[in-house]
Amino acid sequence: FEDSHLNLWFGTNKGKLIRGYKYSNKVDILSVGPFSDEITSIAKTDEGEWFISSGRFKRYGNNEFFNYNKESNPFLSVWNEYDNTWTLLNEDDFSELNNPDVNYVYVIEDNYLALGLMNGLLIISLDNHKNYHFIDRKKGLSDAAVFKIEHHKDKLFAMTVEGISVYSLS
């Protein structure tokens, strides 16, 4: 599509828009909307940030989809409803992740985002997404897959098929 300012627009199958000026070799890559149209988990802060994910296990319910090769794919979409902006968190932004398949999204007092993954528990600071903590079986999680998360006072409860793991938030 060419707009009235001579910008050329192209869409991709990865949830990106590419914009380039007709007489230039430079392009801008824009992210708009959630990375998937199959949403399986969602959470919202009081400040109007929505966290949207699409987990393969929740969609398909079996393990045949876990031959996973890590790439630079988005695994969580963040929408700010007040300024209508989208941000995508990519799996390569979190070096410890082996499989970012999200089972559960949970906001902790508008300070942290906890993600129950098929391969661990990821806790991300909402102030700075680069500030995160990853917990897996090597770090004491009772099972690799986390299916539900709750918190009470300064305790975080991660529910797995092998039991509940409890962590201090302080």
Side-chain angles (χ1 to χ4, degrees), residues 1-136 144-146 149:
F1 170 76
E2 184 175 330
D3 67 18
S4 61
H5 301 287
L6 301 179
N7 290 309
L8 299 174
W9 295 86
F10 301 92
T12 72
N13 62 355
K14 294 282 188 179
K16 308 277 185 192
L17 278 177
I18 299 173
R19 176 186 64 200
Y21 183 66
K22 184 174 184 175
Y23 300 108
S24 172
N25 291 330
K26 292 178 73 177
V27 296
D28 295 317
I29 300 174
L30 310 168
S31 297
V32 178
F35 72 91
S36 174
D37 58 357
E38 297 174 317
I39 295 170
T40 57
S41 296
I42 192 166
K44 178 184 180 277
T45 67
D46 291 337
E47 281 85 35
E49 279 194 309
W50 294 73
F51 302 92
I52 303 165
S53 71
S54 178
R56 286 181 303 282
F57 183 78
K58 285 182 124 179
R59 289 194 319 264
Y60 304 114
N62 58 38
N63 288 335
E64 70 183 68
F65 294 93
F66 294 118
N67 295 329
Y68 187 78
N69 293 321
K70 186 173 179 179
E71 297 176 10
S72 181
N73 292 321
F75 72 100
L76 190 73
S77 300
V78 184
W79 176 56
N80 185 303
E81 70 177 289
Y82 298 117
D83 60 12
N84 196 27
T85 57
W86 288 91
T87 306
L88 299 176
L89 298 185
N90 292 310
E91 54 198 49
D92 63 348
D93 294 333
F94 302 91
S95 61
E96 296 176 81
L97 294 186
N98 292 326
N99 182 344
D101 192 25
V102 178
N103 292 320
Y104 200 78
V105 179
Y106 187 80
V107 175
I108 304 169
E109 298 176 358
D110 281 0
N111 294 318
Y112 298 96
L113 180 69
L115 300 176
L117 307 172
M118 283 306 293
N119 203 20
L121 174 65
L122 181 62
I123 302 169
I124 305 169
S125 170
L126 293 180
D127 293 332
N128 179 0
H129 295 158
K130 294 182 187 292
N131 184 10
Y132 69 91
H133 188 67
F134 180 69
I135 301 168
D136 59 7
V146 176
I149 301 165

Check V105 against F51 and note the closest heavy-atom contact, atom names and distance.
-> CG1-CB, 3.9 Å
Atom pair CZ (F134) and CG (L115), whose distance is rounded to the nearest 0.5 Å = 10.5 Å
Considering only heavy atoms from C-beta outward, does the side chain of N131 approach that of I124 to under 4.5 Å?
-> no
Sequence neighbours excluded, the answer for ring-ring contact (aromatic ring centres under 6.0 Å, His included) partners of Y132 is F94
Is there a side-chain contact between D136 and N98, using heavy atoms and a 4.5 Å cut-off?
-> no
Which atoms form the tightest heavy-atom contact between G116 and I149, and what is the distance?
-> N-CD1, 3.3 Å
Would you say the side chain of I52 lies within less than 4.5 Å of the side chain of I42, judging by non-hydrogen atoms?
-> yes
Could you check if a side-chain atom of N103 sits within less than 4.5 angstrom of a side-chain atom of M118, using non-hydrogen atoms only?
-> yes
Taking all non-hydrogen atoms of both residues, which atom of L97 and which atom of E91 are closest, and how far apart?
-> CD1-O, 4.4 Å
Under the salt bridge (Lys or Arg N to Asp or Glu O under 4.0 Å) test, which residues partner E47, sequence neighbours left out?
-> none
Is there a donor-acceptor contact under 3.5 Å linking the side chains of D127 and S125?
-> no
Give the minimum heavy-atom separation between G120 and V146, together with the two atoms involved.
-> O-CG2, 3.7 Å
Interatomic distance, CG@D3 vs OH@Y21, rounded to 0.5 Å, equals 10.5 Å
May I ask you to test the H129-L89 pair for a side-chain heavy-atom distance under 4.5 Å?
-> yes
Report yes if some heavy atom in the side chain of L117 is under 4.5 Å from a heavy atom in the side chain of V102; otherwise report no.
-> yes
Would you say D110's side chain and D46's backbone share a donor-acceptor pair under 3.5 angstrom?
-> yes
Fit a plane to each ring of Y104 and Y106, take the angle between them on a 0 to 90° scale, and name the class: parallel (under 30°), tilted (30 to 60°) or perpendicular (over 60°).
-> parallel
So, the side chain of N90 versus the backbone of D92: is there a donor-acceptor pair under 3.5 Å, distance only?
-> no
In Å and rounded to the nearest 0.5 Å, what is the CG to OG1 distance from N80 to T85?
-> 4.5 Å
